[in-house]
Amino acid sequence: MITPQAIVLISADIALVVLAAAFLLAAWRVVFGPTLADRVLALDTLSGTAIGFIAVIAVKTGFSLYIDIAISLGLVGFLATIAFARFVMSRGAIATGLGKTLSVASKKPKAAKKSSGKQAARKGKQ
């Protein structure tokens, strides 16, 4: 009969193999990704996979401090993803010319010149 501890160890080994495959596929996407968005998404996947590695090792060794490390890595990975997303958005705004539009739109509009009564009458007749 297999003990529960042996089942956990075998499951942890299988999980480590699956996580290693996911890590390699995500690393391949980071290196050969066709777009910047693919690379950012792959880096986020690498962060999640690393968290999975740490969690499986925590279960396998029984050392609970690894869980705190995994939580910290999750927070850092989230902040890195937000920073990359802001970078991609600002890069897209510059490439499409939105940066100029936003800076022009933030300026105060100039007051319109007042037209005299004669000019207004001419415009009305035309």
Side-chain angles (χ1 to χ4, degrees):
M1 182 99 195
I2 297 177
T3 64
Q5 187 176 8
I7 293 173
V8 169
L9 290 177
I10 292 170
S11 299
D13 290 337
I14 293 170
L16 287 174
V17 170
V18 171
L19 285 169
F23 192 86
L24 290 175
L25 290 172
W28 181 80
R29 179 56 71 184
V30 168
V31 175
F32 298 111
T35 64
L36 182 62
D38 288 331
R39 289 184 170 107
V40 170
L41 208 68
L43 284 173
D44 191 38
T45 303
L46 284 176
S47 173
T49 307
I51 292 168
F53 270 119
I54 294 170
V56 170
I57 290 172
V59 168
K60 193 171 181 177
T61 62
F63 194 55
S64 63
L65 183 63
Y66 288 140
I67 300 298
D68 295 334
I69 294 169
I71 291 170
S72 300
L73 182 61
L75 292 172
V76 170
F78 173 73
L79 293 176
T81 302
I82 296 298
F84 278 129
R86 287 185 57 113
F87 171 72
V88 169
M89 291 297 293
S90 68
R91 185 174 174 187
I94 291 170
T96 59
L98 291 176
K100 293 179 182 177
T101 305
L102 293 175
S103 65
V104 170
S106 64
K107 293 181 181 177
K108 282 183 154 181
K110 294 181 180 178
K113 294 182 180 178
K114 292 183 180 180
S115 61
S116 65
K118 291 180 185 177
Q119 288 177 349
R122 280 189 225 153
K123 287 182 182 179
K125 290 180 183 178
Q126 293 175 354

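The one candidate from Leu43, Leu36, Leu41 that meets the side-chain contact (heavy atoms from CB on, under 4.5 Å) condition with Phe84 is Leu43.
Hydrophobic cluster membership differs between Leu19 and Val59, with clusters built from Ile, Leu, Val, Met, Phe, Trp and Tyr side chains linked at under 4.5 angstrom. When hydrophobic clusters are built by joining Ile, Leu, Val, Met, Phe, Trp and Tyr residues whose side-chain heavy atoms come closer than 4.5 Å, directly or via intermediates, Phe63 is grouped together with Leu73.
Using cut-offs of 30° and 60° on the angle between ring planes, the pair Trp28 and Phe32 is tilted.
Counting all heavy atoms, side chain and backbone alike, Asp38 lies closest to Gly33 at CB-CA, 4.4 Å. Nearest heavy-atom pair across Gly74 and Ile51 is CA-CD1, 3.3 Å. Residues Ala12 and Val56 share a closest heavy-atom pair of O-CG1, 3.6 Å. Nearest approach of Leu46 to Ala27, heavy atoms of both residues: CD2-N, 3.9 Å. In plain terms, the two heavy atoms of Lys60 and Leu9 that are nearest each other are CG-CD2, 3.8 Å. Closest non-hydrogen pair, Phe53 versus Ala20, comes out as CZ-N, 3.5 Å.
Remark: Ile2 CD1 is loosely packed, at most 12 non-hydrogen atoms of other residues, nucleotides or ligands lying under 6.0 Å away.
With contacts defined as side-chain heavy-atom distances shorter than 4.5 Å, the pair Ile10/Ile7 does not qualify. Taking the side chain as every heavy atom from C-beta outward, Pro34 and Arg39 never approach each other to under 4.5 Å.
For the atom pair Ile67 CD1 and Ile57 CD1, the distance stands at 10.5 Å (nearest 0.5 Å). In this structure, Ile54 CD1 and Ile69 CD1 are separated by 6.5 Å, a value rounded to the nearest 0.5 Å.
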